[in-house]
Amino acid sequence: MSRGLGDVYKRQDISHLLSIVVLIQTIKKTAQIEGISFKTQTLYAIIYFTRYLDVFMFKKQSVYNFLFKVTFMGTSIYILHLMKQCNRINPVSYNDMLSKDTFKVKYCIAFAAIMALLFHYKFTFVQLSWSFSVWLESICIIPQLFLLQKLRKADAITVHYIFLLGIYRLLYIPNWIWRYYVEVRFEKISFFAGILQTIVFSDFFYVYFTRITQGKDFQLPH
């Protein structure tokens, strides 16, 4: 991997890792999951475990990639564990939030499964799982945004967490540009899935920049 492309990947990973750290600290500090979608976090766990199957196959890879893959898988399970713990600490708030987290994730999973079957590089279990994870990641934030839409507003920390997730995906753009012009490589699946995810995030980004950066409370428009 060239240095330029490696730097892009590292910025993506760091942004993604920062979003996870923000979320974990938020849950541990508040002992509640207000504004955080349990369904989106469950989808992220599914994404990591279907994308990083090579970890379980003991395929040769760099220490950096191995550690980040294990970190993403481990923290996804840890976040779900922390969210479940909130049920014992603050059951009223926990149940209230779950009652509002109502987006039907079966549609997200069905969409990703269909797209993986239609668009893949090889018809193998590993490649289909990878494609499935890419398409699922492109829309897995929808339950979270749907929850914010129902709540009408969110705590600043929760909003910053979602923003960092969006930045992580936006950093794929220089990655695509670099690969196309330097490596003469174009990954169609990642490209179009990334465009889809950027579109999904676009409304959130607009509200974020027009409100948070101006020191206003984060509230979604009616």
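The analysis underlying the following values was restricted to heavy atoms, covering all of them including side chains, and did not include hydrogens, waters or symmetry mates.
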(request) Taking the side chain as every heavy atom from C-beta outward, state whether Y44 and I79 have any atom pair closer than 4.5 Å. (result) no
(request) Consider only side-chain heavy atoms of I, L, V, M, F, W and Y, link residues closer than 4.5 Å, and tell whether I20 and Y64 are in one cluster. (result) yes
(request) Please answer whether the main-chain N or O of N90 pairs with a side-chain N or O of S93 as donor and acceptor at a distance below 3.5 Å. (result) no
(message) Between I139 and I199, is there shared hydrophobic-cluster membership here, with clusters defined by ILVMFWY side-chain heavy atoms closer than 4.5 Å?
(response) yes
(request) Please name the pair of heavy atoms, one in T50 and one in S133, separated by the smallest distance, quoted to 0.1 Å. (result) OG1-CB, 3.3 Å
(request) Check step by step if side-chain contact (heavy atoms from CB on, under 4.5 Å) holds for S76 and F49. (result) CA-CA 9 Å; S76 68; F49 277 86; 3.9 Å; yes
(request) Check the pair D101, K150 against salt bridge (charged side-chain N to carboxylate O under 4.0 Å, His left out), reporting the backbone distance first and the verdict last. (result) CA-CA 9 Å; D101 191 13; K150 293 187 71 173; over 6 Å; no
(request) Please answer: with hydrophobic residues joined when any side-chain heavy atoms are less than 4.5 Å apart, are V134 and L128 in the same cluster? (result) no
(request) Treating Ile, Leu, Val, Met, Phe, Trp and Tyr as nodes and any side-chain heavy-atom pair under 4.5 angstrom as an edge, say whether L117 and V126 lie in one connected cluster. (result) no
(message) Counting C-beta onward and ignoring hydrogens, is there a side-chain heavy-atom pair between L43 and E137 closer than 4.5 Å?
(response) no
(request) Without swapping roles, check the side chain of S131 against the backbone of F119 for a donor-acceptor pair under 3.5 Å. (result) yes
(request) May I ask you to check whether F68 and F72 place their ring centres under 6.0 Å from each other? (result) yes
(request) Indicate, with yes or no, if V70 and L67 share a hydrophobic cluster defined by side-chain heavy-atom contacts under 4.5 Å among Ile, Leu, Val, Met, Phe, Trp and Tyr. (result) yes
(request) Would you please say whether a donor-acceptor pair under 3.5 Å links the side chains of S62 and N65? (result) yes
(message) Using side-chain heavy atoms (C-beta onward) and a distance below 4.5 Å, is Q32 in contact with Y94?
(response) no
(message) Using only atom types and a distance under 3.5 Å, with no angle test, would you say the side chain of N95 pairs donor to acceptor with the backbone of P91?
(response) yes
(request) For K122 and Q127, work out which heavy atoms get closest and say how close. (result) O-CB, 3.1 Å
(message) Between V105 and T42, is there a side-chain heavy-atom distance shorter than 4.5 Å?
(response) no
(message) Taking the side chain as everything from C-beta on, heavy atoms only, tell me whether Q197 gets closer than 4.5 Å to W135.
(response) no
(request) Answer yes or no: does atom OH of Y121 have more than 12 heavy-atom neighbours from other residues, nucleotides or ligands under 6.0 Å? (result) yes
(request) Report the distance from atom CZ of F132 to atom CZ of F125, rounding to the nearest 0.5 Å. (result) 10.5 Å
(message) Less than 4.5 Å apart, side chain to side chain, heavy atoms only: is that true for K188 and F191?
(response) no
(request) Would you indicate whether the side-chain heavy atoms of V21 and Q25 approach each other to under 4.5 Å? (result) yes
(message) When you compare the side chain of M115 with that of H120, does any pair of heavy atoms fall below 4.5 Å?
(response) no
(request) Could you tell me the separation between the CD1 atom of I27 and the CD1 atom of I89, rounded to the nearest 0.5 Å? (result) 11.0 Å
(request) Please lay out, stage by stage, how F103 and L147 fare under the test side-chain contact (heavy atoms from CB on, under 4.5 Å). (result) CA-CA 8 Å; F103 188 87; L147 176 60; over 6 Å; no
(message) If you apply the rule side-chain contact (heavy atoms from CB on, under 4.5 Å), what do you find for K69 with Y48, and how did you get there?
(response) CA-CA 8 Å; K69 290 174 182 178; Y48 300 141; over 6 Å; no
(request) Report, as yes or no, whether the 6.0 Å neighbourhood of atom CZ on F66 holds more than 12 heavy atoms from other residues, nucleotides or ligands. (result) no
(request) Could you please spell out the steps behind the side-chain contact (heavy atoms from CB on, under 4.5 Å) verdict for I36 and M97? (result) CA-CA 8 Å; I36 303 171; M97 191 52 53; over 6 Å; no
(message) To the closest 0.5 Å, what do you measure between CD1 (I47) and OH (Y52)?
(response) 9.5 Å
(request) Check whether any side-chain N or O of Q144 sits under 3.5 Å from a backbone N or O of T40 as a donor-acceptor pair, and report yes or no. (result) no
(message) If I compare all heavy atoms of S138 with all of A193, which pair ends up nearest, and what's the gap?
(response) CB-O, 3.2 Å
(request) Can you measure from OG1 (T75) to CD (Q41) and round to the nearest 0.5 angstrom? (result) 9.5 Å
(request) Can you see which heavy atom on I33 is nearest to which on C86, and at what distance? (result) CG2-SG, 3.9 Å
(message) Let me confirm one number: the CG-OG distance from L151 to S37, rounded to the nearest 0.5 Å.
(response) 10.0 Å
(request) Rounded to the nearest 0.5 Å, what's the gap from CG on D96 to NZ on K100? Could you check? (result) 4.0 Å
(request) Examine the side chains of K39 and T102 and answer whether a donor and an acceptor come within less than 3.5 Å of each other. (result) no
